[in-house]
Amino acid sequence: MITPPLLEMRGISKRFPGVVALDKVSLQIGQSEVVALVGENGAGKSTLMKILGGVHQPDEGEILVDGQPVKIQNVAEAMRLGIAFIHQELNVLDNLDVAANVFLGREPVITPFRLVNRRKIHADTEPYLKRLGLDVSTRTRLDRLSLAQKQLVEIAKALSLNARLIIMDEPTSSLTLSETNRLLKLVSDLAEQGVSIIYISHRLAEIDHCADRVAVLRDGRNAGHLNHDEATHDKLVSLMVGREIKSFYVESKARKTPEFFCVRNIRSRMYPDQAVSFDAARGEILGFAGLVGAGRSELAKAIVGLDGPVGGEIRLDGRTLSIRSPRDAIAHGIYLVPEDRRGEGLVVRMSVRENITLPSLPRFARFGLIQRDRECRVAGEQIASLKVRTPHTETLVMNLSGGNQQKVVLGKWLAMQPKVMILDEPTRGIDVGAKAEIYRLMRELAEQGAVIIMISSDMEEVLHVSDRVAVMHEGRITGVLERPDCSEENIMQLAVGRTLATAKPALPN
């Protein structure tokens, strides 16, 4: 007797207002199999998985588990069937501690009073954190953790369910190289233990490392299925975007003006005892690398005034600036695209138009009234330039895919002609086609005379996009690498706090 696959999704269709998200999509997952699900942003990957996870209901099609038709009406039903979903946009509660998040909704109780057994929750959570190499206390509140650490808490939650099928939606988008390698090893271990994995990622190197098969979606339809040996980079890109991307990375042609943007003795709240100094040239893309917790995002927030006065000095084109709040940074043309796009970069219940024009509304006002036609024209230009997939400028941002939301965040600052653009994980959750567009836009901005500071945990991105790389460790810059000296080995040496002969020292404070 032939054993049925663990999961079959047959002819799944889903429509939202103005959008056909899925059109008769099918997917099959075998026992102990790792299947990568890939496609451009808006291809329907997350929607398909939300249907499987009980978040959405399909308009057409059927789902079979162990060969038996099932109706997954809600998340609780999916969990009962052994399906765990690690969302790209994390579902954690920042006001609760790690253990409470891991067992949220499944808390063990002490009878007869049905009090939550806190001691058991913490004891049961500890092994999952050790398994993931997450070195934090189970009593740490989530608002004290980085985005990468929160992502590992979500994975710990899935492990605690003893799930038969785990859906991982961009699980490494905020992880460093070492954390990514640890996660890929965990995926392999889980498959050996009988767990099936659906792995959604735009990082094709990871897919080559862990997937048995690859399923490709394009425009809400099945575009193809490839076995591991067939899934070359070029074939995957061709199936995903329907065209060949000839030039993924754009070489620098800009003439760089030294010491255009100078930062001296800036301190972040995370590392108040460490003063950071660096220079960035006009026309340069300066990459910032480092492990999680190195203080890169905190430095960016300190520069734009999100942490309030932190001392030090910032000079732009020879002028000393006073930046005590983000309003001051914006007034000087210094903009931050944050790592957490939904929490810090967007108002998701507002439209695409409103988000793009929000920071620059005074430009569209006359006698105190917004000129809607000018506002719509600028929003439309950014949508076209960034190739944002949206049915209309008035579509709510919450209804866009993660990658298209990221493009909206970029669009609102690009519309204001930045002098200094700080991008924190600019391509997190963005597909290969959109990445190429973002890299092109970054390079065009640099060639127009802007300073680009790119914070990234994607080693390939850091190596290929940056003109120079500054590496941070525990709140300080351990060295700056020129382009010829940029390598994975050199960056990792500096990221763990070691010195390197080929790296220039950080500027004296």
Side-chain angles (χ1 to χ4, degrees), residues 29 32-37 45-46 49-50 52-55 75 78-79 82-94 96-106 121-122 124-203 206-207 209-211 291-293 339-340 402 425 428-429 457-458:
I29 311 294
S32 305
E33 187 177 32
V34 180
V35 176
L37 183 63
K45 307 182 302 295
S46 293
M49 293 301 98
K50 285 178 180 178
L52 180 57
V55 178
V75 175
M79 291 168 60
I83 300 170
F85 193 169
I86 302 170
H87 294 264
Q88 180 181 345
E89 304 298 344
L90 303 181
N91 291 328
V92 294
L93 298 180
D94 282 351
L96 298 181
D97 63 28
V98 171
N101 271 277
V102 169
F103 283 93
L104 187 64
R106 302 176 291 118
I121 286 177
H122 287 286
D124 289 350
T125 300
E126 187 68 37
Y128 299 116
L129 302 189
K130 288 182 178 179
R131 187 174 178 183
L132 292 170
L134 182 55
D135 188 20
V136 299
S137 169
T138 60
R139 300 181 185 278
T140 304
R141 276 178 38 139
L142 266 286
D143 58 4
R144 297 179 181 273
L145 301 184
S146 68
L147 193 60
Q149 290 170 323
K150 291 178 183 179
Q151 203 155 23
L152 291 173
V153 171
E154 278 275 71
I155 295 171
K157 185 193 301 184
L159 294 177
S160 72
L161 292 167
N162 294 318
R164 301 175 63 200
L165 173 64
I166 299 179
I167 305 163
M168 296 185 175
D169 192 353
E170 296 290 348
T172 65
S173 58
S174 294
L175 303 186
T176 63
L177 181 65
S178 59
E179 290 168 328
T180 295
N181 289 337
R182 189 182 302 130
L183 178 68
L184 293 174
K185 175 65 166 59
L186 177 64
V187 168
S188 177
D189 291 345
L190 287 171
E192 289 179 1
Q193 295 164 17
V195 179
S196 298
I197 308 286
I198 299 177
Y199 193 94
I200 303 174
S201 180
H202 294 305
R203 297 179 176 180
E206 294 175 11
I207 291 169
H209 189 281
C210 71
L291 303 177
V292 170
E339 178 183 19
D340 183 1
E425 305 292 353
R428 174 176 174 258
S457 299
D458 186 333

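Counting from 1, the numbers follow the sequence of the chain as shown.
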Measuring only between side-chain heavy atoms, which start at C-beta, is Leu186 closer than 4.5 Å to Ile155?
yes
For the atom pair CG (Leu190) and NZ (Lys185), what is the distance rounded to the nearest 0.5 Å?
10.0 Å
So which atom in Gln151 and which in Glu170 form the shortest heavy-atom distance, rounded to 0.1 Å?
NE2-O, 3.0 Å
So, taking the atom named CG in Leu165 and the one named CD in Glu33, what distance separates them when rounded to the nearest 0.5 Å?
10.5 Å
To the nearest 0.5 angstrom, please state how far the OG1 atom of Thr138 sits from the CZ atom of Phe103.
10.5 Å
Considering all heavy atoms of both residues, which atom of Gly53 and which atom of Phe85 are nearest to each other, and what is their separation?
CA-CD1, 4.3 Å
How about NE2 on His122, more than 12 heavy atoms from neighbouring residues, nucleotides or ligands closer than 6.0 Å, or not?
yes
So, using salt bridge (charged side-chain N to carboxylate O under 4.0 Å, His left out) as the criterion, who are the partners of Lys50 when residues are at least two apart?
none
I'd like to check Val187 versus Cys210 (side-chain heavy atoms, cut-off strictly below 4.5 Å). Are they in contact?
yes
Counting C-beta onward and ignoring hydrogens, is there a side-chain heavy-atom pair between Leu52 and Ile198 closer than 4.5 Å?
yes
Write down the atom of Val98, the atom of Ser137, and the distance for their closest heavy-atom approach.
CG2-O, 3.7 Å
Distance (rounded to the nearest 0.5 Å) between Arg141 CZ and Asn101 CG
11.0 Å
Mind checking whether Leu93 and Leu142 have side chains closer than 4.5 Å, heavy atoms only?
no
Mind listing the closest non-hydrogen atom pair of Leu132 and Ala156 along with its distance?
CD1-N, 3.6 Å
At their closest point, which heavy atom of Val34 faces which heavy atom of Ala191, and how far apart are they?
CG2-CB, 3.9 Å
Electrostatic pair Lys45-Asp169, nearest N-O below 4.0 angstrom:
no
To the nearest 0.5 angstrom, please state how far the CD1 atom of Ile29 sits from the CZ atom of Arg164.
13.0 Å
Please say whether more than 12 non-hydrogen atoms of neighbouring residues, nucleotides or ligands are located less than 6.0 Å from CZ in Arg106.
yes
What residues form a salt bridge (charged side-chain N to carboxylate O under 4.0 Å, His left out) with Asp340, not counting sequence neighbours?
none
Donor-acceptor pair, Glu154 side chain versus Val92 backbone, under 3.5 Å?
no
What's the spacing between Thr125 OG1 and Leu159 CG if we round to 0.5 Å?
11.5 Å
Measure across Lys157 and Val102 and return the closest heavy-atom pair with its distance rounded to 0.1 Å.
CG-O, 3.3 Å
